[in-house]
Amino acid sequence: MSVEAQHRELEDIAPELLERKKKEEKKELEDLPGVSGEVRMRLAPSPSGPMHLGQSRMAILNDEYVKRYGGKLFLRIEDTNPQNILPEAYDMIPEDLEWLEVKIHEIVIQSDRFEIYYNYARKLLEMGKAYITTVPADEWRKLKNAGKPTPDRELPPEEQLERWDKMLGGEYDDGEAVYVVKTDLQHPNPAIRDWAGFRILKDVEHPRVGNKYIVYPLMNFSVATDDHELQLTHVLRGKDHLNNTYRQEYMFNYFGWKKPVYIHYGWVTMRDTILKTSLIKEGIRNGEFSGWDDPRLGTLRALAKRGIQPQAIRRYWIDVGLKSVDIEFSWDNLYAYNRDIVDPKARRYFFVWDPKKIEIKGVDSIHAKAPLHPSEELGYREYSLKSPISVFVVGEEWNKIKDGTLLRLKDLCNVLKSENAAEYAGNDVSVIRQGAKIIHWCPENSLRAEVKMPDGRVLQGYAEPLIEKSIGEVVQFERFGFAKIYREDGKIVGYYAHR
RNA sequence: GCUCCGGUAGUCUAGUCCGGCCAAGGAUAUCGGCCUUUCGAGCCGACGACCCGGGUUCAAAUCCCGGCCGGAGCACCA
């Protein structure tokens, strides 16, 4: 029977089975595989700058799972490359996580743990699973890609240990000797073959431990060691780390450690978003950016400044989940979540950009009473205007309207437009139903204000005086968009979030 | 070049493991209507997708084979 025939038949016997039901779906994170009891997970940022939007994904997902299953979430600061450390970041990262509402149970800093790494390094040499090579880097790499060992790869453990002690003792200079973990030189994936575990950095001062150590662990060695030492059950990481996982598994196998469950999520591209710490650092130095929270940046501090709520970011990443597909970040979706949160609470005000002052003629006084929110009971902003009455309107908008048009100044009155003035035309709200255009305004005693946009533009204008009551809050400038309000150098400054 | 990982509307996601309640659900965006003293919110509607080709099957987004496309890694960075 064909599918169509089956459908026809079913319509006769049991039509209710063909009825479609509509349901709103609530998105939840899928269960973590391999959970038995509590979980132990970690965030592992390097302290090169404050956290950005991209990194918030791993923070949120780890946090969600630890909260769901119970257990422990470690913040492990990976500062084993002293050349890429911003000292302030040691404080900025926990601050950012706190803002994100991520619950950290314990902070571990890798530069406190050199002795632990050295200890395992020695063991591995004793086991014959690692070697010290004095072959120059490019030559070593060439041999490796050809599947061939360096001459010193097979030297006996005693000799390797001797070399290790010489490394630690400073008898080699930078690059003259490297500690390598053996894997399989015939491994079909060249990325998995023997990998460097420690390097020598003699003349670099580490911001936390100074010149105490000259032998620095590389990422794969310290990560594998710590993932084991912290007894992690699950590791979430970007799939750019997939080959690192395969590398690290060699250490787990050599030592017989229990492996965590590894989950690799996909690559996120963020168009038009500045995330690279090196670029930001440079931009701050040369004055291009105002700081780590410049509204053009993708740092969490910049988003916070603009009034993006941590819960919106959380919902966004939960929505995305941890699939291994590569995705494109959607500002629209993030903004939609943020609007959901912010809209019911944000007080409404008028902000007039490109301000043009016009006089309203033919009336002695007007009392304006505008609700602070269209549906929530948040009270009113009231202004008494006395003759001569002038208000600010948006110049570019005003100039586009034909003279003689009947306009509604929202929550104020109706006017007949002429070039640089307006004739009072009563206060009958029903003109709106007749199709009168509504524009906004602000009183003559408004405050100078500017709004900083995420694309770097700065709009100059006026905000109504009562905005002062909402400094530090996210407000909605009617017919314009949501912004978070600050006072900077005596001036009202809004950081634009979204429409 | 070698090795991995992926491919559902503009974007994100459900479904794929265990083929049939999928003539593919939800969100967002866009467009239209209603409502509203905001261009916000709300309500209603429209638009829009299973990468391609074979095979297995009564039945394929789902299983098999072959392509194609995208991404990542091949550092003495993380």
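So you know, we letter chains A, B, ... as the sequences are listed, proteins then strands, and number each from 1.
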With rounding to the closest Å, how many angstrom separate the [atom1] atoms on [N] and [M]?
N	M	atom1	answer
G71(B)	G32(B)	P	35 Å
C74(B)	G10(B)	C1'	35 Å
G19(B)	C63(B)	P	9 Å
G42(B)	G7(B)	C1'	37 Å
A61(B)	U16(B)	P	14 Å
U62(B)	G20(B)	C1'	11 Å
G73(B)	U30(B)	P	34 Å
A41(B)	C51(B)	C1'	39 Å

Measure from the side-chain heavy atoms of [X] and tell me the nearest of [options].
X	options	answer
Asp326(A)	A78(B), U3(B), G70(B)	G70(B)
Ser330(A)	C76(B), U28(B), U11(B)	U11(B)
Leu242(A)	C4(B), U37(B), G73(B)	C4(B)
Ile438(A)	G7(B), G26(B), U38(B)	U38(B)
Arg408(A)	U30(B), A78(B), U37(B)	U37(B)
Ala191(A)	C74(B), U3(B), U38(B)	C74(B)
Asp343(A)	A78(B), A41(B), U8(B)	A41(B)
Ser324(A)	A41(B), U11(B), G6(B)	G6(B)
Phe482(A)	G73(B), A78(B), G40(B)	G40(B)
Thr80(A)	G70(B), A78(B), U3(B)	A78(B)

From [atom1] of [X] over to [atom2] of [N], roughly how many Å is that when rounded to an integer?
X	N	atom1	atom2	result
Leu29(A)	U13(B)	CG	C1'	12 Å
Arg247(A)	C74(B)	CZ	C1'	7 Å
Glu30(A)	C12(B)	CD	P	17 Å
Lys142(A)	C2(B)	NZ	C1'	18 Å
Asp240(A)	C4(B)	CG	P	18 Å
Asp319(A)	A29(B)	CG	C1'	14 Å
Phe221(A)	A78(B)	CZ	C1'	17 Å
Asn333(A)	G10(B)	CG	C1'	11 Å

Check every strand shown and say whether [X] touches a base, only sugar-phosphate, or nothing at a heavy-atom separation below 4.0 Å.
X	answer
Val429(A)	base
Asn84(A)	nothing
Pro47(A)	nothing
Gln476(A)	base
Pro374(A)	base
Val135(A)	base
Asn145(A)	sugar-phosphate
Val178(A)	base
His264(A)	nothing
Trp195(A)	nothing
Glu176(A)	nothing

Return yes if a side-chain donor-acceptor contact under 3.5 Å exists between [X] and [Y], otherwise no.
X	Y	result
Arg193(A)	Thr183(A)	no
Gln476(A)	Asp343(A)	no
Asn244(A)	His241(A)	yes

Do the ring centers of [X] and [Y] come within less than 6.0 Å of each other?
X	Y	value
His498(A)	Phe482(A)	yes
Phe221(A)	Phe198(A)	yes
Tyr316(A)	Phe329(A)	yes
Trp195(A)	Tyr250(A)	no

Atom CD1 in Ile116(A), atom CD in Glu229(A): separation rounded to 0.5 Å? 5.0 Å
Here the gap from Asp428(A) atom CG to Cys413(A) atom SG, rounded to the nearest 0.5 Å, amounts to 12.0 Å
Considering the options Lys166(A), Glu176(A), Arg163(A), which one meets the side-chain contact (heavy atoms from CB on, under 4.5 Å) requirement together with Thr134(A)? Arg163(A)
Side-chain N or O of [X] versus OP1/OP2 of [N]: is the shortest distance under 4.0 Å?
X	N	result
Arg339(A)	U28(B)	no
Arg193(A)	G73(B)	no
Arg141(A)	A75(B)	yes
Ser48(A)	A78(B)	no
Lys437(A)	U37(B)	no

Salt bridge present between Lys484(A) and Glu473(A) (N-O < 4.0 angstrom): no
Any donor-acceptor pair under 3.5 Å linking the side chain of His234(A) with the backbone of Leu32(A)? no
Comparing Phe480(A) and Ala196(A) on RNA chain B - which has the more 5′ nearest nucleotide: Phe480(A)
When you match Tyr337(A) and Asn427(A) each to their closest nucleotide on RNA chain B, which lands nearer the 5' end? Tyr337(A)
Under 3.5 Å for both distances, Watson-Crick or G-U wobble, that's the pair rule; now give the dot-bracket for RNA chain B, with | marking pairs to another strand and [ ] for crossing ones. (((((((..((((......[....)))).(((((.......)))))....(((((..]....))))))))))))....
